[in-house]
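Before any comments, here is the structure.
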Amino acid sequence: VHGTITKQQIFKESITEGKMSTQQRRKEEDILKMLTCKVHLGTRNQNFGMRRSIDRRSQDGTHIINLEHTYNKIKLAARMFVAVQNPGEVIVVSARPYGQRAVVKFSQYTGALSTSSSRWTPGTLTNQNTQRFLEPRLLIVTDPRSDRQAVVEASYVNIPCIALCDSDSPLQYVDCAIPCNNRTTESISLIYWLLAREILVLRGELGRDEEWSIMVDLFFYKKLEDVEKVEDRPEEEADFAEREDEKQQPKWDETKEGEKAEEW
């Protein structure tokens, strides 16, 4: 009968609703992580090209970034990365020390090439006579202002560029700008973590509804002082335990022993 709904249609609709609910739940979790890592906090200055990604301005003058744009740009950047057949032809750059560890971890899990130092060697993409000459097909930078030399050289040889852009970042020669807070290690690390997970999902190495076993904390920048404190903590705990054991042991009373000897 025309207009009746069959069981197969109901079953298909229930499956699609389940998929949509799972994807919506994953998106909400990712946005909550962005809020926790303060990805939405920009600067007090605003670049004209970033006005579309700015939602509003707070009372203290800080621009608030629209996380919906950030989420969609991460999806777009992941598709650009997957379009490159050889992941070794993608180079990731970070002049800021807060993004060094995130870049190394991102390259480890995606197969991209990361720079060994924070300083970009001039002529890496343009001078064929240098020993560090590279011919990548995609460039990812943490800050288009700090990594200006790499962005300009990529424009000379027609290499597309993905950049993590704050509210005041210049967008010249940037093909895909991911609006986010690129001044703190938590925000930078989370963006690289989400991008790496989306790349693995598009490759088929990770399920869309599957949780990634790698934690975001591994992407965080760690100071040498904090690492030394963590390494010294077991020794301090051992010393504290020895002191507590000494306190709990009964003390030898010589006066009582002397009295017992006289009575005998």
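Here the structure is a predicted model, which means the values were calculated and not measured.
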_Working note: Arg148 + Glu153, criterion salt bridge (charged side-chain N to carboxylate O under 4.0 Å, His left out); need CA distance, chi angles, decisive distance, verdict._
CA-CA 9 Å; Arg148 177 67 178 174; Glu153 290 187 12; over 6 Å; no
N/O donor-acceptor pairs under 3.5 Å from side chains in residues 211-219, not counting sequence neighbours:
none

*Basic-acidic side-chain contact under 4.0 Å: Arg197, Glu210*: no
_Do Arg25 and Asp30 have side chains that approach each other closer than 4.5 Å (heavy atoms only, starting at C-beta)?_
no
*Does some side-chain heavy atom of Asp143 sit less than 4.5 Å from a side-chain heavy atom of Ser169?*
yes
_Residue pair Tyr192 / Thr142, side-chain heavy-atom distance below 4.5 Å_ = yes
_Checking Glu186 against Leu190 for the side-chain contact (heavy atoms from CB on, under 4.5 Å) test, could you report, in this order, the C-alpha distance in whole Å, the side-chain angles of both residues, the deciding distance, and whether it holds?_
CA-CA 6 Å; Glu186 292 83 4; Leu190 180 62; over 6 Å; no
*Under 3.5 Å, is there a donor-acceptor pair between the side chain of Gln128 and the main chain of Phe133?*
no
_Measuring only between side-chain heavy atoms, which start at C-beta, is Pro87 closer than 4.5 Å to Phe81?_
yes
_Heavy-atom side-chain proximity of Glu68 to Lys27 below 4.5 angstrom_ = yes
*If we only count heavy atoms from C-beta on, is the Cys161 to Asp175 side-chain gap below 4.5 Å?*
yes
*asked:* To the closest 0.5 Å, what do you measure between CG (Leu41) and SG (Cys180)?
replied: 11.5 Å
*Which residues, ordered by chain and number, are linked to Ile65 in its hydrophobic cluster, where ILVMFWY side chains connect at heavy-atom gaps below 4.5 Å, directly or through other members?*
Ile54
*Can you tell me which residue pairs pass the side chain to side chain donor-acceptor pair (under 3.5 Å) test with a partner in residues 154-167, sequence neighbours excluded?*
Thr43-Ser167, Asp166-Arg183
_Which heavy atom of Arg96 sits nearest to which heavy atom of Ser146, and what is that distance?_
NE-OG, 3.6 Å
*asked:* Looking at every heavy atom in both Pro179 and Lys73, which two are closest together, and how far apart are they?
replied: CD-CG, 3.9 Å
_Steps toward salt bridge (charged side-chain N to carboxylate O under 4.0 Å, His left out) verdict (Lys33, Glu29)_ = CA-CA 6 Å; Lys33 291 177 182 177; Glu29 291 176 356; 5.5 Å; no
